[in-house]
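A short worksheet on the structure shown next.
Computed from a predicted model, the values in this text were never measured in an experiment.
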Amino acid sequence: MANTTESAKDRVVIFDTTLRDGEQCPGATMTLDEKLAVAELLDAMGVDIIEAGFPIASNGDFEAVSEIARRTKRATIAGLARAIPADIARAGEAVRHAQRGRIHTFVSTSAIHLAHQMRKTQDEVIEIILKTVTQARDLVEDVEWSAMDATRTDIDYLCRCVEAAIRSGATTINLPDTVGYATPQEYGAMFRPVRERVPNSDKAIFSVHCHNDLGLAVANSLAGLEGGARQIECTINGIGERAGNAALEEIVMALRTRADVMPYDTGIDTTMLTRASKLVSHAANFPVQYNKAIVGRNAFAHESGIHQDGMLKHSETYEIMTPASVGLAKTSLVMGKHSGRAAFKSKLSELGISLSDNQFQDVFERFKDLADRKKHVYDEDIEALVDEKLATAHDRIRLVSLSVIAGTRGPQRATMKIEMDGRTFTEEADGNGPVDAVFNAIHAIVPHDATLELYQVHAVTEGTDAQAEVSVRLKAGERSVTARGADPDTLVASAKAYLSALNKLSAASVRLHAQHAAVV
């Protein structure tokens, strides 16, 4: 597809980088199972390219990209690589099992980056582009080249770099707003001279990749389309470095809703957007703000009397798209303790959830346990069960039991039993409140130096028997991780969230040892 094609509705390629740029968001590290689940959903919803990771970064990243490449059925799988031969070779190895593999390589081009980060001359960087893009093209047919900090790069030099990349075999040219500096007018205007002046620019697809430091990522991405780009790089929920990336759901629904002024098509099944948002939110342990466009809890909520009156008379008075168009359905109350496996499997299918036989059995048992404790099990409850199962599938440390004594007369006391590496440990601890007692008990069993940066509670559904969902962020050294736990008991949810965060730190090679004599 050439980026100069003009038609009634041009096809826009959706490049999702949730698993790469999104995971670089502090605290958003995902497990392999979580990455596989996210990749499977992205593929099912019609994402064209999934940037699955940065293979040279770690063995874990390499294995994740390789496994996603093997499993993905439709999407192109991309691996990121710096303009370094070892990076490119590693990326090529990671994507070689994909039905369609891509190497995405990048190098800085702005004067400030060349002087202070690259410490290279302009000519030296041109030589790097020629050599590394050629190397990538020898490994795969699909090569994307990015000019890091393109929006602060001299336009004449940017044209030289793009020409070198295309001449060396790049099939996609990405001109990112790496630091979120550009305005929509500036960003859209940047593409025109590059496309007009660079020989054979019509042989490549131009791409946008915008960061949200000034809150302009989506606006800039759409402006890039007007400038001739036909690929948009984005993430679910807009997660990513610093203030994040352009949000996929906002891009896709803006194009769909305002097709009158932006005549572009994507291949995205928009009815899967809400499920994708929830899955990524739980996998990355990043809550979605209530007023987030498209997928926030309040996106289709109306409290103002004037708005409610208009909605009752005609929904289009205050809704420019329907909840159903993004996969948001009214909460169902049909599941309960008498529901069997067939009904539960049908409900999972209705929610767009696919599980292996072992995963299904485990989640079904959790569902039955929850149904014994709650009168009604809502769709959101089931989604929380599934997401928690994916998040804790390989945890070293698991909660066995917890009891807490609390009330107006302190101190509050928690008695906890934890299983770690096949051994069971029990501890009692006091605290300044029941949550503090729970966390002190954990610390007594699993000593660590991590500090608690965030503790947040909210209800998954309505009612006094609602599941509580707790978010915990722990920081150890320079590493910060966020985790969630869900349970009808807020204190149990708190313990699960804290232990989940410790498991993530443990997976990141932070040394955690249980040291308690009472092994039972």
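Side-chain contact check for T17 and E233: no donor-acceptor pair (N or O, by modelled atom type) lies under 3.5 Å. There is no side-chain donor-acceptor pair under 3.5 Å between T171 and R102. Using modelled atom types and a 3.5 Å distance limit, the side chains of D43 and T72 yield no donor-acceptor pair. At a cut-off of 3.5 Å, with distance as the only test, no side-chain donor of Y187 or E226 sits close to an acceptor on the other residue. Counting only N and O atoms by type, the side chains of S480 and E453 include a donor and acceptor under 3.5 Å apart. H211 and N220 share no side-chain donor-acceptor pair at under 3.5 Å. There is no side-chain donor-acceptor pair under 3.5 Å between D33 and T31.
Remark: Y181 OH is loosely packed, at most 12 non-hydrogen atoms of other residues, nucleotides or ligands lying under 6.0 Å away.
For the pair I232 and Y264, the minimum side-chain heavy-atom distance is 4.5 Å or more. Side-chain contact between L175 and V162 is present, with heavy atoms from C-beta onward closer than 4.5 Å.
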| query | Hey, mind stepping through R167 and L130 against side-chain contact (heavy atoms from CB on, under 4.5 Å) and telling me if it holds? | reply | CA-CA 8 Å; R167 179 153 38 99; L130 292 170; 4.0 Å; yes
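Judged by distance alone, the side chain of R484 and the main-chain N or O of F286 form a donor-acceptor pair under 3.5 Å. Although no hydrogens or angles enter the test, the distance criterion places no donor-acceptor pair under 3.5 Å between the side chain of T178 and the main chain of M148.
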